[in-house]
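What follows is a short report on a single structure.
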Amino acid sequence: MSLYWQKDLETMPRAELEAYQLKKLKASMVQAARSPFYGKVFREKNINPENLHSIQDITSLPLTTKEDLRGNFPYGFLTVPKNEIVRMHCTSGTTGNPTMIFYNRHDLESWSNLVARCLFAIGAREDDVFQNICGYGLFTGGLGFQDGAEKLGATTIPSAAGNSVRQIMLMRTLGTTVIHTIPSYLTRLYEVFVEQGLDPRRDTKLRLFAIGSEPHTEEQRRRIEEMFGVRAFNSFGMTEMNGPGVAFECECQYGMHVWEDAYIAEILDPDTLEPVPDGEMGELVMTTIDREAMPIIRYRTRDLTRFLPGECPCGRTHRRLDRFAGRTDDMFIIKGCNVFPMQIEKILMRFPEVSTDYQIVLDTVQGVDEMQIKVEFNRDFFTGEREVLETLHHKLRSAVRDEVLVTPKVQIVEPGALPRAEGKAVRVRDLREAKKGA
Ligand code: COA
Ligand code: AMP
Ligand code: ZN
């Protein structure tokens, strides 16, 4: 039996699991108190791990927000000397401080172990060939899956994002059996197969997909499965919680088991911040309990989901999260990159030639997701000269791409041409959803 079917941990009876979590939570709090941020918060609020008597007492601890992470950038959450850090990852965004996460050796070991466990749970084994079609570098999906798949013992192909023709060449040459990528990219990949006169069902050895990093529906999953003749499994992760490997579907394909020996997951009412009754939708709040360099306690993820009731036939006792139903903020995800509309607004407003009205349209065109930014030329600058428009067009495209890593289509329209909203302006129109399940 593989090391990555961690049966004792994954099928631990609930009462035992909760006792285990409580012990790890207390240890994490002791560790967290070594950071400037939690050290101060715990002192000011007189927080002591010894006052926690059950895992439910976690609700007595303060929540941590993205603003806390940004406000204490970069080292305010660090609990170990800097020379113990062996890796950092960070979320995109240069407008506000990005969120940087630091890992020591223990953290990388623990993280890759969790990712290996996820891959094992979907049926990947050491004789698989694993192709990771995902941004490397600062994105966690690159090295995160890389380390996990290596640990599992699969042959790994770190093919990264982009260049679909080469992706197909690699998977055909090396006999790829498992792919990790974002679901929306698979529609594009399929098109390239077709363009080349190939059929992935006939011309590849693909059998498993791990898909995540962006919301998608059950219908999208089924469509992807039919196109490729492959089983696709939902994968949830976030940079603040290491990256991938936080929650993953098992072979039953019904909800994502949160690895509760490494995280404590809560679902709160986003308004009252009180726990919702089991099975009800609310905001996911996460605590790391197996991280040393940068433990995070009760992090408000802004993701809306719920715990699925009942037990999973696979025998794992770790609770399952339902598909994500949206967010409590206005962040959207395009081509696997997280974007806050405010990031784009701040860029646009750096250009005096642009008026204050703009609109972001997200769409799927011939299988490819795209972000279109419609801006109005500022009346005071408008001459209608083509050269001026082209230069502005070019500058806007590069400035947005540098900020969010996605190249937008920019449309500059005449002053007053964008529809005016009654009441609050609708800045983002997302037309992708309707097309995906079709
Ligand atoms: N993963 C893999 N490839 C992707 C992709 C994704 N999420 N999104 C787009 N691509 C491919 C495109 O299909 C295109 O290749 P092709 O023309 O050979 O098919 C190529 O990348 C460039 O795409 P384009 O849309 O022209 O570029 P862009 O400048 O808007 O975006 C990316 C550039 C794709 C490199 C950037 O958006 C990125 O790095 N995305 C990956 C993010 C990611 O992995 N997130 C998960 C993190 S856990
Ligand atoms: P990042 O920190 O860049 O990995 O982004 C994390 C965010 O991506 C999460 O907070 C979610 O909003 C989103 N996300 C990740 N995985 C999924 C998934 N499987 N389904 C829906 N959204 C996801
Ligand atoms: Zn299961």
Side-chain angles (χ1 to χ4, degrees), residues 119 122-136 139 141-142 145-146 149 152 154-235 249 251 253 333-337 361-372 397 401 405-409 431-438:
L119 292 172
I122 66 172
R125 297 292 182 268
E126 59 186 20
D127 48 5
D128 273 301
V129 178
F130 175 85
Q131 189 162 336
N132 196 16
I133 310 183
C134 172
Y136 273 64
F139 288 112
F145 268 99
Q146 180 69 33
L152 183 74
T155 302
T156 58
I157 310 174
S159 56
N163 200 338
S164 304
V165 171
R166 192 178 58 187
Q167 299 284 359
I168 293 173
M169 181 278 288
L170 288 168
M171 68 186 77
R172 280 171 37 83
T173 308
L174 301 169
T176 301
T177 51
V178 184
I179 282 179
H180 161 247
T181 194
I182 61 165
S184 56
Y185 174 66
L186 286 167
T187 324
R188 163 70 185 155
L189 189 65
Y190 183 76
E191 286 210 340
V192 180
F193 267 103
V194 174
E195 277 163 23
Q196 299 201 320
L198 296 169
D199 177 349
R201 291 167 169 267
R202 186 191 59 211
D203 301 313
T204 71
K205 294 188 176 152
L206 293 173
R207 63 183 198 93
L208 299 171
F209 286 162
I211 52 171
S213 301
E214 65 180 7
H216 57 287
T217 57
E218 190 58 35
E219 291 67 30
Q220 275 170 259
R221 183 237 291 271
R222 294 292 165 220
R223 197 159 159 243
I224 287 168
E225 291 191 323
E226 277 160 30
M227 280 193 294
F228 287 87
V230 164
R231 290 188 82 202
F233 297 84
N234 198 358
S235 143
E249 279 185 334
E251 289 186 62
Q253 283 188 319
I333 303 177
I334 175 100
K335 297 184 196 180
C337 301
V361 182
L362 309 173
D363 203 354
T364 309
V365 179
Q366 291 175 334
V368 179
D369 280 2
E370 64 174 41
M371 172 168 70
Q372 190 179 58
R397 235 165 80 98
R401 188 193 54 220
L405 306 178
V406 168
T407 316
K409 286 215 160 117
L431 310 175
R432 296 173 295 176
E433 193 57 36
K435 295 187 179 174
K436 293 247 170 73

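Computed from a predicted model, the values in this text were never measured in an experiment. Residue indices begin at 1 and follow the sequence shown.
- The pair E214-R432 fails the salt-bridge criterion, with no side-chain N (NZ, NE, NH1 or NH2) lying under 4.0 Å from an Asp/Glu carboxylate O.
- With sequence neighbours left out, the side-chain hydrogen bond (donor to acceptor under 3.5 Å, both in side chains) criterion links K205 to no other residue.
- In this structure, E126 has no side chain to side chain contact (heavy atoms under 4.5 Å, CB included) partners at least two apart in sequence or on a different chain.
- The side-chain hydrogen bond (donor to acceptor under 3.5 Å, both in side chains) check on S164 picks up Y185, with sequence neighbours excluded.
- Residues that satisfy the side-chain hydrogen bond (donor to acceptor under 3.5 Å, both in side chains) test with Y190, not counting sequence neighbours, are absent from this structure.
- By the side-chain hydrogen bond (donor to acceptor under 3.5 Å, both in side chains) test, E370 pairs with K409, sequence neighbours left out.
- Pairs of residues two or more places apart, or lying in two chains, that qualify as side-chain hydrogen bond (donor to acceptor under 3.5 Å, both in side chains) and include a residue from residues 170-179 are D128-T177, Q131-T176.
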Donor-acceptor contacts under 3.5 Å from residues 192-202 side chains, at least two apart:
residue	atom	partner	partner atom	Å
D199	OD1	R201	N	2.9
R201	NE	E226	O	3.0
R201	NH2	E226	O	2.3

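- Residues that satisfy the side chain to side chain contact (heavy atoms under 4.5 Å, CB included) test with R166, not counting sequence neighbours, are N163, M169, L170.
- Applying the ring-ring contact (aromatic ring centres under 6.0 Å, His included) criterion to F209, with sequence neighbours excluded, gives F228.
- Taking 4.5 Å as the limit, every side-chain heavy atom of F145 sits out of range of all side-chain heavy atoms of C134.
- Residues passing the salt bridge (Lys or Arg N to Asp or Glu O under 4.0 Å) test with E225, sequence neighbours excluded: R222.
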